[in-house]
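Chain letters run A, B, ... following the sequence lines, proteins first, then strands; residues in each count from 1. On a predicted model such as this, the values are computed, not experimentally measured, just so you know.
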Amino acid sequence: MMEYLHSLNPRQREAVEYGDGPLLILAGAGSGKTRVISCRIAHLIQARGVAPERILGVTFTNKAAGQMKERVAGLLGGNTESGPLLSTFHSFCVRVLRRHIERLGYTKAFAIYDEDDQLRAVKACLEDLGLSDGPVTPRAALSRISYAKNRGLSPESLYSQAVDGAGEKIATIFERYEQKLRQANALDFDDLLIKTVALFDQAPEVAQSYNHRIEYLLVDEYQDTNRLQNRLIRLLTELHRNLCVVGDEDQSIYSWRGAEVENILRFEKDFPGTRIIRLEQNYRSTQAILDAASAVVSRNLARLGKQLRAVRDAGRRIGLYEGWDAEEEAAFVAGEIKGALARDSTSSAAVLYRTNAQSRAFEEALRREAIDYRLVGGFSFYARAEIRDVLSYARLAGNLSDSVALFRILNVPPRGLGDVTAKAVAARARGRGQCAWQAIAEMIAGDSGGLSTRALHGLTRFSHLVNSLARERELLTPREFIRHILEASGYLEMLRAERSPEADERLENLRELVNAAAEAEDRGESLAEFLDHAALVSDADGYDERARVTLMTLHSAKGLEFDLVFLAGLEEGVFPHRLSRDDPAGLEEERRLCYVGMTRARDRLTMTWVRHRRAFAQEGAEEGRPSRFLSEVPAELVEPLSALAQPAKARTVWAGAVNSVDGLERALTARRKSGSSRSFSSGQSATRLDGNPRWRRGVRVRHAKYGIGTILQCEGAGEDTKLTVSFPGYGEKKLMEKYATLEKI
DNA sequence: TTTAATGGGTTTTTT
DNA sequence: ACCCATTAAA
């Protein structure tokens, strides 16, 4: 019983055993924060006899919630049946709202709009208002709207704050957007928080019942909470005031989404009598990694400042690699990972980058080296068009006023309801203040408003389909229902008829969706719960701990750790990102992001940058400069990994052979073996003597017809060498060396 | 109405 | 490079 206490250091133990009242745990990177929260929960249950259902733990991602569930269950001896409620802010809110939202004039079948739905809604608003061709893009409008909503601003207050016509326009769009969602019986992500807070404000007895129920509230990553979340937390803890929050102001990286570090800085004032515990012992990283990361983040002014102490020894210095372009960078990283996995197949590696667009080169390089990897984020399963289409049918069947879902599938599969009809439906709905479904119903009933018989026929078919789906929804299990949609809508038929590889892939994805529904069903979930889950899974939740190699953005990496970490693309404009460059606060956030990335590494950290990165695939951009963050790492902690001193001209001759570390090693080994003291300039023949071909993977070549390409594969030797070369614009070409005139560049 | 072709604008990070 | 909206052709 309670052996876990002995594995904790004194500070951690204090945090676990601390009694009632507000508790703030300032946990530096790698200080065992997840462990402390899990132990605290287990301790509350086991040592202090708190009923599990009276504990609520809140995290930001489903993944984090899941991890915590596992750990707590482990501590409690594998009992997962009646654990405490561990959930994300958003899932918690959905739970509450599904029960009580009628108080706010919505129905319990409300839809959840994710970013794609939101964007469609905003687009529709722009159309309603006749602003479609104006200067305001839907994306820009949405980002302003979300910003306002996160800060609790209403359309009216936005309007009164507007300093120019553009600001007033945004406010008008905002107002329309709110109407639209209300009419669709839909909530966006921000609304989930807003409406829960509103519910607690307007229905004190509901707030009270949750206050009674939740005796202990624990919040992870408190530095990333926004105003609404903070408000919610306060509303939930008014009665017991047993609030434990864990956070690290140096890891606050979501202020662009409304997170306010002030929440953590102000915590003591908000909750008088707070006990503060600092965890500054780092168990994760080597001293070198920690020193480097601390040196970087210490340049920030807006921080409380803390001193992390490493438990581990110095370790290797930070690797610094300079490459020619993104392909070379990726080839280098893939090579390093290959080497590391060859030495120890159990080690874990991550490639972290600032923007999702950077993942491509790494994917290609890893595939070339036949290294298994897991890509987190980017394009998630539930974001695929076919998945969204089918889920839209399911959504609409349960909530007929969900007009975004309706327009999404109105003509998918094609049923003769094109743009013209869609516009007519939208116009009618707009004119009468109805939702699209009502408008369609009236048009079918006779008030066709000058539609073609063809369109009317299509609308009738559509209406019958949705009506029958709405009935089936009540009768079928989730799995059956999804299957039924696929058949009844004609979606399967449409894809089968297409007979293309893409269509096959989509069919495969839909099969996967049916599986997911079946799994949910086996877990005892209803269709509504399955849909909620689908709406709230995030990209970061795709992270698989068993994967040896993971590719993801720095943001998704928060909270994770790896033996090897590669921080890629450390160039001015990329990281720090150009859009944050002129804003001191934005710059500090970028620096914190760098800190987060660096501190993910346990044993080895390598930072890379390249001189020639294509923005928007445009060639001939000016040379990139190394990120300022690189120069903020003390020189004595850095181990250069490339022939940095080589001028670009010399590099050209040597492309591929000496550019990368393994190329350099190869060349050196070759020299040693042959006992020759040949200079580098005759290295080409030196490598040939060693049986090392002139053409290697990754070498860039020029072809008379196809232009510049990169060698993907070499087969055979000498004159008979067969090369697979990838040429941008022409794809992969197989060439014989003796026929193709290839020039090494 | 649908499909294929063309041209212009655009990407930070995500619950 | 990619996504999109518009345009021309079927």
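- For B:dT1, neither phosphate oxygen OP1 nor OP2 lies less than 4.0 angstrom from any side-chain nitrogen or oxygen of A:R454.
- For the pair A:W256 and B:dT13, the ring geometry qualifies as stacking, because the centroid separation is below 5.5 Å while the planes lie within an angle under 30°.
- Ion pairing between A:E571 and A:R578 fails under the 4.0 Å rule for side-chain N and carboxylate O.
- Using a 4.0 Å heavy-atom cutoff across all strands shown, A:F189 reaches at least one base atom of the nucleic acid.
- Dashed line: the shortest gap from a side-chain N or O of A:N226 to OP1 or OP2 of B:dT15 is not under 4.0 Å.
- Within the 4.0 angstrom heavy-atom criterion, only backbone atoms of the sugar-phosphate kind lie near A:T421; the bases stay farther away.
- Between A:T553 and B:dT14 there is a side-chain N or O to OP1 or OP2 distance below 4.0 Å.
- If you take atom C1' in B:dT13 and the same atom in C:dC4, they sit 23 Å apart, rounded to whole Å.
- Residue A:N411 has its side chain nearest to B:dT2 when only B:dT15, B:dT14, B:dT2 are considered.
- In summary, A:D117 and A:R408 do not engage in a salt bridge, as defined by a charged side-chain N under 4.0 Å from a carboxylate O.
- Residues A:H555 and A:Y254 bring their aromatic ring centres within 6.0 Å.
- No close placement of the A:W256 and A:H577 rings is indicated, their centers lying 6.0 Å or farther apart.
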